[in-house]
Amino acid sequence: MLATVLIFLCSLVISSCSNDELAPISLKNRETANIKLNYPNNQTYSFPLQGGDGNYEISCDKPEIIETKMISSCDISIKALALGEAIITVRDQSGNTLDIHVIVDYYTDNYIVSKQDILLTGDLKDSEKQTIKEKALATIPGGGYKFIYTDAEIARGKVLVYQEKFGDKAIEGSFERKSNEIENEQWGTRHIISFDLTLPEQPKRTFIISEYIPSSRTSPIVLMAFFED
């Protein structure tokens, strides 16, 4: 009688365990299985896995684009090798799978123009001020800028300048971002970031990123602007 009861209880435990469903395999602390990496970049990134039975194996359909491997029982490493897209497939011994979509692309900065302004100094007549403003405004792009860093180490690459609307009818050129220190009588030594733009059939242009002082906003967010002399 006792043996019969023990066998019955064991069968209940086994049945209960076999009916428990494993959680799907996923990337820990991420809502999706999409990863974007910048190129060129020699850094290796790690991503923890969760779910499944914990016995993971991985494979990649484009090993020429990314280098990936298991670096622990639940962590994978990914390193960008070339531009493109790749799929990492994660499998466990219970038949669960996860496809991780990896996109390798250049790092890009987008700046959308929200306002154009002309700051004038000197003793000028109103008619002179108006003439200068009109000429200067005609040289300022109204859409925005897209900086594509094809050489991350030197911070240079391709620039798209949108004259009227961001994303439409761009003038393509090259740029180099520089970091400089300048001396100012009022502020002392200042650290500034500048962009040197080379555009077809135009003289070289230099934009300095700095705080937009004339702003009348009361927001604690500091407004920045591209300044060109």
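Residue numbers run from 1 in the order of the sequence given. Keep in mind that the numbers below use all heavy atoms, side chains included, and drop hydrogens, waters and symmetry copies.
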With side-chain contact (heavy atoms from CB on, under 4.5 Å) as the criterion, how do Ile171 and Gln202 come out once you've worked through the C-alpha distance, each side chain's angles and the decisive distance to 0.1 Å?
CA-CA 11 Å; Ile171 298 175; Gln202 294 187 25; 4.1 Å; yes
d(Leu22 CG, Asp53 CG) to nearest 0.5 Å is 6.0 Å
Starting at NZ of Lys69, measure out to NZ of Lys79 and round the result to the nearest 0.5 Å.
9.5 Å
Look at the side chain of Gln130 and the backbone N and O of Ser127, then say whether any donor-acceptor pair between them is shorter than 3.5 Å.
no
Would you call the rings of Tyr145 and Phe226 parallel, tilted or perpendicular, taking 30° and 60° as the class edges?
tilted
For Pro40 versus Tyr149, what's the shortest heavy-atom pair and its separation?
CD-O, 4.4 Å
Taking the side chain as C-beta and beyond, is there a heavy-atom pair between Asn180 and Ser194 under 4.5 Å?
yes
Less than 4.5 Å apart, side chain to side chain, heavy atoms only: is that true for Gln50 and Cys74?
no
Looking only at side chains, do Tyr212 and Asp117 share a donor and an acceptor under 3.5 Å apart?
yes
Contact between Glu176 and Ile154 at the side-chain level, heavy atoms closer than 4.5 Å - yes or no?
yes
Atom OG1 of Thr108 and atom NZ of Lys158: how far apart are they, to the nearest 0.5 Å?
9.0 Å
With a 4.5 Å cut-off on side-chain heavy-atom distances among I, L, V, M, F, W and Y, is there a chain of contacts connecting Tyr111 to Ile140?
no
Which heavy atom in Ile87 sits nearest to a heavy atom in Asp61, and how many Å separate them?
N-OD1, 2.7 Å
Under the criterion salt bridge (charged side-chain N to carboxylate O under 4.0 Å, His left out), I'd like the reasoning laid out for Asp109 against Lys146: C-alpha separation, chi angles, the key distance, then a yes or no.
CA-CA 6 Å; Asp109 263 342; Lys146 180 188 287 288; over 6 Å; no
For Ile148 and Phe175 the tightest heavy-atom approach is O-CE2, 3.5 Å
State, with a plain yes or no, whether a side-chain heavy atom of Thr206 is found less than 4.5 Å away from one of Leu197.
no
If you round to the nearest 0.5 Å, how far is CD of Glu67 from SG of Cys60?
10.0 Å
For residues Phe147 and Tyr162: do they belong to one hydrophobic cluster (side chain heavy atoms under 4.5 Å, members Ile, Leu, Val, Met, Phe, Trp, Tyr)?
no
If we only count heavy atoms from C-beta on, is the Ile25 to Thr97 side-chain gap below 4.5 Å?
no
Which residue is it: Val159, Ile209, Ile208? I am looking for the one with a side-chain contact (heavy atoms from CB on, under 4.5 Å) to Phe195.
Ile209
Are Ile66 and Ile103 in one and the same hydrophobic cluster, where Ile, Leu, Val, Met, Phe, Trp and Tyr link if side-chain heavy atoms are under 4.5 Å apart?
no
Does atom CD of Glu57 have more than 12 heavy-atom neighbours, drawn from other residues, nucleotides or ligands, at distances under 6.0 Å?
no
Stepwise side-chain contact (heavy atoms from CB on, under 4.5 Å) check, Ile193 with Lys178:
CA-CA 6 Å; Ile193 300 295; Lys178 297 180 179 178; over 6 Å; no
Could you tell me if Thr189 and Glu181 have a donor-acceptor pair between their side chains, going purely by distance under 3.5 Å?
no
Glu85 atom CD, over 12 foreign heavy atoms within 6.0 Å
yes
Here the pair of heavy atoms bringing Glu64 nearest to Ala82 is O-CB, 3.7 Å
Taking all non-hydrogen atoms of both residues into account, name the closest pair between Asn96 and Gly52 and its distance.
ND2-CA, 4.0 Å
What's the separation between atom CG in Asp99 and atom OG1 in Thr89, rounded to the nearest 0.5 Å?
4.0 Å
When hydrophobic residues are tied together by side-chain contacts of less than 4.5 Å, even through go-betweens, does Ile76 share a cluster with Ile71?
no
Is it the case that the side chains of Tyr107 and Asp105 hold a donor-acceptor pair, with the cut-off being a distance below 3.5 Å and no angle test?
no
Does any part of the side chain of Ile88, heavy atoms only, come nearer than 4.5 Å to the side chain of Phe47, both counted from C-beta?
no
Pair Arg205 + Glu228, salt bridge at N-O below 4.0 Å
yes
Can you find a pair of side-chain heavy atoms, one from Val104 and one from Leu81, that are under 4.5 Å apart?
no
If Ile, Leu, Val, Met, Phe, Trp and Tyr residues are connected whenever their side-chain heavy atoms lie under 4.5 Å apart, and connections chain through other members, are Leu137 and Leu120 in the same group?
yes
Applied to residues 50-102, the ring pair (Phe, Tyr, Trp, His ring centres under 6.0 Å) test, sequence neighbours excluded, yields none
Candidate pair Tyr45 and Leu37, rule side-chain contact (heavy atoms from CB on, under 4.5 Å), full reasoning
CA-CA 9 Å; Tyr45 300 89; Leu37 299 179; 3.8 Å; yes
Just by distance, do the side chain of Asn38 and the backbone of Asn41 share a donor-acceptor pair under 3.5 Å?
no
Separation between CD (Glu31) and OG (Ser26), nearest 0.5 Å, reads 11.5 Å
If we count only N and O atoms by modelled type, under 3.5 Å, do the side chains of Asp75 and Ser46 hold a donor and an acceptor together?
no
On a heavy-atom basis, which atom in Ser77 and which in Thr44 lie closest, and how many Å separate them?
CB-CG2, 3.7 Å
Kindly indicate whether the side chain of Asn34, heavy atoms from C-beta on, has any atom under 4.5 Å from the side chain of Ile100.
no
